[in-house]
Amino acid sequence: MQQPALEAVDLRAGYGDAQILDGVSLRIDPGEIVALIGANGAGKTTLLRTVSGLVRARGGAVSLFGERIDGLAPHRVAEAGFVQSPEGKQLFLGMSIRENLMVGAHNRRAYARWRTTIEEVFQLFPILAERRDKAASTLSGGQQQMLAVGRALMARPRVLALDEPSLGLAPIMVDRLFEAIRAVRQLAIPILIIEQNVFQVLSMADRGYVLENGRVTLSGTGRDLIENEHLRATYLGL
Ligand code: ATP
């Protein structure tokens, strides 16, 4: 069996007295796109924040290509290669597109290779190359999401996590964004993606996990999940 790109085993975390993750296990294999589905408050963002080291794990283990990353400070986790594009794009709108991309290359490993990486990002998202010297505020919502994904790529992720990248986008832009995410797959970077557009994300994903009350209640291939009765009733309204 190949080594997982990312593996969480029995992960527990919370805030104060509130236990939010109640023993979550999941894995992402190299090259896979894995979707994380769940209602508001299920703990999806908390899971990403725990893997990122922003929330301290209270139990369990997280490994990136076989190396433990739980307990590391957030910048060490990013340096190890788990890079998260946060919910809400958190771009610097007054800065140029190029400057926003450079912000992503802040870790040592990434900075050493930024010239190569920025060319890869420009190839993936030509609109960013065309407008590189313009302020990020001049981009449409969909283009800003591409910039957010591009910035995350600048950190040279070994695993990329996207937290609701389609939030606030018009449907046509959601389609574009999903095209962009498919393009990232060409770079062979495994992706963990949280999405409310359940049908779209499961159509794209190799596999998915459903998180309910801090536990994984269902997992399978994207296709299996789309056909699952519980998932259809709860998340697709079918
Ligand atoms: P959403 O789709 O709304 O982002 P989610 O599945 O990502 O939902 P989380 O954001 O992980 O859910 O939140 C899980 C629970 O943890 C919620 O009940 C939330 O109120 C609580 N929570 C999140 N952040 C904090 C915090 N910093 N302090 C205390 N409680 C928090």
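Start at 1 and go down the list; that is how both ligands and their atoms are numbered.
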Heavy-atom gap Gly38 to ligand 1 smaller than 4.0 Å: no
Does ligand 1 have any atom that is closer than 4.0 Å to a heavy atom of Arg49? no
May I ask you to identify, for Ala39, whether its side chain, its backbone, both or neither come under 4.0 Å of ligand 1 on a heavy-atom basis? backbone
Region of Gln196 that comes within reach of ligand 1 [heavy atoms, distance under 4.0 Å]: side chain
Holding to salt bridge (Lys or Arg N to Asp or Glu O under 4.0 Å), I want the full list of residues that pass it with Arg215, two or more places apart in sequence or in another chain. Asp22
Looking at residues at least two apart in the chain, or sitting in another chain, which of them share a salt bridge (Lys or Arg N to Asp or Glu O under 4.0 Å) with Glu7? none
Examine Ile194 and Phe199 and state if one hydrophobic cluster contains both, with Ile, Leu, Val, Met, Phe, Trp and Tyr joined whenever side-chain heavy atoms are less than 4.5 Å apart. no
Sub-3.5 Å N/O-N/O distance, Ile20 and ligand 1: no
Is Arg98 atom CZ crowded by more than 12 heavy atoms from other residues, nucleotides or ligands, each under 6.0 Å away? no
Heavy-atom proximity to atom 4 (O) of ligand 1, picking from Thr50, Thr45, Asp163, points to Thr45
On a heavy-atom basis, I'd like to know which of Thr46, Asn40, Asp17 is closest to atom 3 (O) of ligand 1. Asn40
May I ask you to list the atoms of ligand 1 that are less than 4.0 angstrom from any heavy atom of Glu164? 2 (O)
Any Val24 side-chain heavy atom under 4.5 Å of Thr50 side chain: no
SB check Arg182 Glu179 (cutoff 4.0 Å): no
